[in-house]
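A quick write-up on the structure given underneath.
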Amino acid sequence: MNEIKIFSPATVANVSCGFDVLGFCLDTVGDEMVIKKTQEKGIKITKIEGFNLPLEVKKNVAGVAALAIYNDAKPECGFEIEIYKKIKPGSGIGSSSASASGVVFAINELLGKPYSKTQLSTFAMKGEAVASGSEHADNIAPGIFGGFTLVKSNHPLKILELPTPTNLYATLIHPQIEVKTSEARDILPKSIPMENAITQWSNLGSLVHALHTNDYHLLGDSLQDVIVEPYRSKLIPHYNDVKEAALNNGALGCGISGSGPSIFSLSESLETAKKVEKAIQEIYSKTEIEFYTFTSKINADGIKIL
Ligand SMILES: Nc1ncnc2c1ncn2[C@@H]1O[C@H](COP(=O)(O)OP(=O)(O)O)[C@@H](O)[C@H]1O
Ligand SMILES: N[C@@H](CCOP(=O)(O)O)C(=O)O
């Protein structure tokens, strides 16, 4: 195989109480990428459609991730990358991660799959650092592994695959403003009150237990964030109104998707998810802010070959 086309899905990181460790994969929105083997060695980005992103390899998340796997594998070929971007950069649904994860997945396929999913994640994290200034795996892991994942440790990287809730629906609203992950990280406190830490890890543990016991109401009750949300919600217009509308219309829980500005909610039926989607749309419809919404099941498979 000398060429491959893939779908690299959007992802929701943090999931309220799991800053930098929890994440889940979506299936409705994602980027497409085409990776081709070349006789000429090295990495080239030959086409980017959708959003204005750098073609320069070392300035593009996909290019840096591709260089990471390429320099480790030292193949007798090179690779050309085409990115057909659907996930708006700075969206909070893993735009940078979709590029980084997708390209390492594709190169691994073209090399005959010599690397594990964990090894691929370490290469992709190098790309994430271009976007956010740090090598976090909470978007990358669900993209590469699929489903719900928890990053147990970064050094060495250890990713836990949590049970994937098959009958939950994620509804997202993306106000069309950009919140760069790097900026949304800079505003966070360097230390936190012990009381808040206890509440946060209590919710994280409860959420993991809820996934293992299919207790979706406990899962919803665990979607609380007393550490990051108080700072980042200020970057998202009408955040509290959207959250209230989602919960009042039957959502199990609601929170900031990744570093924002996207907001996610989880519902246990498509009917409820659509009711939530309608209610949160009405919040922004009363403003000048452009937005889009979508509902997605949790994608158990992650990146797909097209
Ligand atoms: N291939 C790429 N895909 C997405 N963003 C990229 C890419 N290459 C570089 N970037 C930069 O990374 C930032 C987007 O990453 P990030 O802020 O994490 O957005 P998101 O929250 O959607 O992941 C933007 O500044 C964008 O210019
Ligand atoms: N843990 C990261 C997650 C960033 O997610 P993204 O979808 O906004 O890239 C953070 O919160 O900084």
Side-chain angles (χ1 to χ4, degrees), residues 8-26 29-35 43 45-67 81-104 106 124-143 149-151 154 170 172 174-189 200 204 225 227-233 235-236 255-264 292:
S8 191
T11 52
V12 173
N14 300 334
V15 197
S16 295
C17 50
F19 178 72
D20 269 7
V21 299
L22 272 184
F24 62 84
C25 192
L26 299 169
V29 172
D31 293 345
E32 291 184 358
M33 302 176 84
V34 174
I35 314 301
I43 299 293
I45 301 173
T46 54
K47 182 188 287 186
I48 299 177
E49 288 186 6
F51 295 97
N52 181 25
L53 292 169
L55 286 167
E56 191 174 338
V57 167
K58 290 186 176 178
K59 290 185 177 176
N60 191 298
V61 165
V64 171
L67 281 173
I81 302 165
E82 297 174 6
I83 306 172
Y84 300 90
K85 205 115 189 90
K86 308 283 195 319
I87 311 171
K88 178 181 170 70
S91 58
I93 53 173
S95 179
S96 52
S97 173
S99 281
S101 303
V103 75
V104 299
M125 286 165 72
K126 302 296 183 191
E128 272 288 47
V130 170
S132 62
S134 57
E135 295 185 12
H136 59 91
D138 52 337
N139 284 105
I140 285 162
T149 56
L150 187 147
V151 181
N154 274 330
L172 284 99
H174 176 203
Q176 295 296 286
I177 59 174
E178 183 178 18
V179 173
K180 286 186 184 295
T181 299
S182 54
E183 292 165 6
R185 292 179 79 87
D186 289 343
I187 64 171
L188 298 181
Q200 200 85 344
L204 179 57
D225 174 5
I227 292 177
V228 174
E229 183 183 89
Y231 295 88
R232 286 182 169 175
S233 56
L235 303 176
I236 306 171
I256 299 174
S257 177
S259 61
S262 293
I263 303 166
F264 81 94
Y292 74 87

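Computed over heavy atoms, backbone and side chain alike; hydrogens, waters and symmetry mates excluded. Whatever order the structure lists them in is the order used to number ligands and atoms, beginning at 1.
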#### Entry: Contact check: Ser97 vs ligand 1, nitrogen or oxygen atoms, below 3.5 angstrom
no
#### Entry: Protein heavy-atom partner closest to atom 18 (O) of ligand 1 - residue, atom, separation in Å
Thr181 OG1, 2.7 Å
#### Entry: Modelled atom types, side-chain donor and acceptor of Ser262 and Ser257, under 3.5 Å
no
### Query
With side chains defined as the heavy atoms from C-beta onward, is the minimum distance between Val179 and Arg232 less than 4.5 Å?
no
### Query
Out of Val151, Thr181, Val21, which one pairs with His136 under the side chain to side chain contact (heavy atoms under 4.5 Å, CB included) rule?
Thr181
### Message
Only heavy atoms of Asp20, strictly under 4.0 Å: list the atoms of ligand 2 that pass.
### Response
1 (N), 2 (C), 10 (C)
### Query
Which atoms from ligand 2 have a heavy atom of His136 less than 4.0 Å away?
2 (C), 3 (C), 4 (C)
### Query
Between Arg232 and ligand 2, is there a nitrogen or oxygen pair with a distance under 3.5 Å?
yes
### Task
Examine the proximity of ligand 1 to Leu53 and report which part, side chain or backbone, both or neither, has a heavy atom under 4.0 Å away.
side chain
### Task
Kindly confirm or rule out an N or O of Ile83 lying under 3.5 angstrom from an N or O of ligand 1.
no
### Query
Is the closest protein non-hydrogen atom to atom 11 (C) of ligand 1 under 4.0 Å?
no
### Query
Who gets closest to atom 24 (C) of ligand 1 by heavy atom: His136, Lys180, Glu183, Arg185?
Lys180
### Query
Is it the side chain (CB and beyond), the backbone, both or neither of Ala131 that lies under 4.0 Å from ligand 1, heavy atoms counted?
both
### Task
Return the option from Ser257, Gly90, Gly94, Pro54 holding the heavy atom at the smallest distance from atom 14 (C) of ligand 1.
Gly90
### Task
Determine whether Val130 and Lys58 make a side-chain contact, defined as any pair of heavy atoms from C-beta on separated by less than 4.5 Å.
no
### Task
Report the nearest protein non-hydrogen atom to atom 8 (N) of ligand 1: residue, atom name, distance rounded to 0.1 Å.
Val61 N, 3.0 Å
### Task
Would you check the N or O atoms of Ser91, main chain and side chain alike, for any that come under 3.5 Å of an N or O of ligand 1?
yes
### Query
Quick check: are there more than 12 heavy atoms from other residues, nucleotides or ligands sitting under 6.0 Å from CZ of Phe51?
yes
### Task
Decide whether Asn139 and Thr11 meet the rule of one side-chain donor and one side-chain acceptor closer than 3.5 Å.
yes
#### Entry: Shortest protein contact, atom 21 (O) of ligand 1 (heavy atom only)
Gly92 N, 3.1 Å
### Mode of Ile93 contact toward ligand 2 - side chain, backbone, both, neither (heavy atoms, under 4.0 Å)
backbone
### Query
Out of curiosity, is Gly92 lining ligand 2, as in a heavy atom under 4.0 Å away?
yes
### Message
Minimum heavy-atom separation for Ala62 and Ile83, please, with both atom names.
### Response
CB-CD1, 3.8 Å
### Message
For Asn60, state whether at least one heavy atom is located under 4.0 Å from any atom of ligand 1.
### Response
yes
### Query
Between atom CE of Met125 and atom CG of Asp138, what is the distance when rounded to the nearest 0.5 Å?
9.0 Å
#### Entry: Within-cut-off N or O pair, Ser132 and ligand 1, under 3.5 Å
no
#### Entry: Atoms in ligand 2 with a heavy atom of Asn139 nearer than 4.0 Å
3 (C), 4 (C), 5 (O), 6 (P), 7 (O), 9 (O)
#### Entry: Shortest protein contact, atom 2 (C) of ligand 1 (heavy atom only)
Ser99 OG, 3.5 Å
### Query
Atoms of ligand 2 less than 4.0 Å from Thr181 heavy atoms?
4 (C), 6 (P), 8 (O), 9 (O), 12 (O)
### Task
Take atom NZ of Lys126 as the centre, draw a 6.0 Å sphere, and report whether it contains more than 12 heavy atoms from other residues, nucleotides or ligands.
no
### Query
Is there a side-chain contact between Leu26 and Leu172 (heavy atoms, below 4.5 Å)?
yes
#### Entry: Spacing of OG belonging to Ser99 relative to CE belonging to Met33, to within rounding of 0.5 Å
5.0 Å
### Query
Roughly how far, to the nearest 0.5 Å, is CD1 of Ile236 from CD1 of Ile177?
7.0 Å
### Query
Going by the atom numbers of ligand 2, which of them fall below 4.0 Å from some non-hydrogen atom of Gly94?
7 (O)
#### Entry: Ile81 side chain near Asn60 side chain, heavy-atom distance below 4.5 Å
no
### Salt-bridge contact Lys180-Asp186 (side-chain N to carboxylate O under 4.0 Å)
no
### Task
Would you check whether Glu128 reaches within less than 4.0 Å of ligand 2, judged by its heavy atoms?
no
#### Entry: Part of Lys88 with heavy atoms under 4.0 Å of ligand 1, whether side chain, backbone, both or neither
backbone
### Heteroatom proximity flag, Glu128 to ligand 1, N/O under 3.5 Å
no
### Task
State, with a plain yes or no, whether a side-chain heavy atom of Arg185 is found less than 4.5 Å away from one of Ser259.
no
### Task
Among all protein heavy atoms, pick out the one at the shortest distance from atom 3 (N) of ligand 1; state its residue, atom name and that distance to 0.1 Å.
Lys85 CE, 3.0 Å
### Straight-line distance of Ile140 CD1 to Glu135 CD, nearest 0.5 Å
8.5 Å
### Any N/O pair Ser259/ligand 2 closer than 3.5 Å
yes
#### Entry: Atoms in ligand 2 flagged as close to Arg185, the criterion being non-hydrogen separation under 4.0 Å
1 (N), 2 (C), 10 (C), 12 (O)
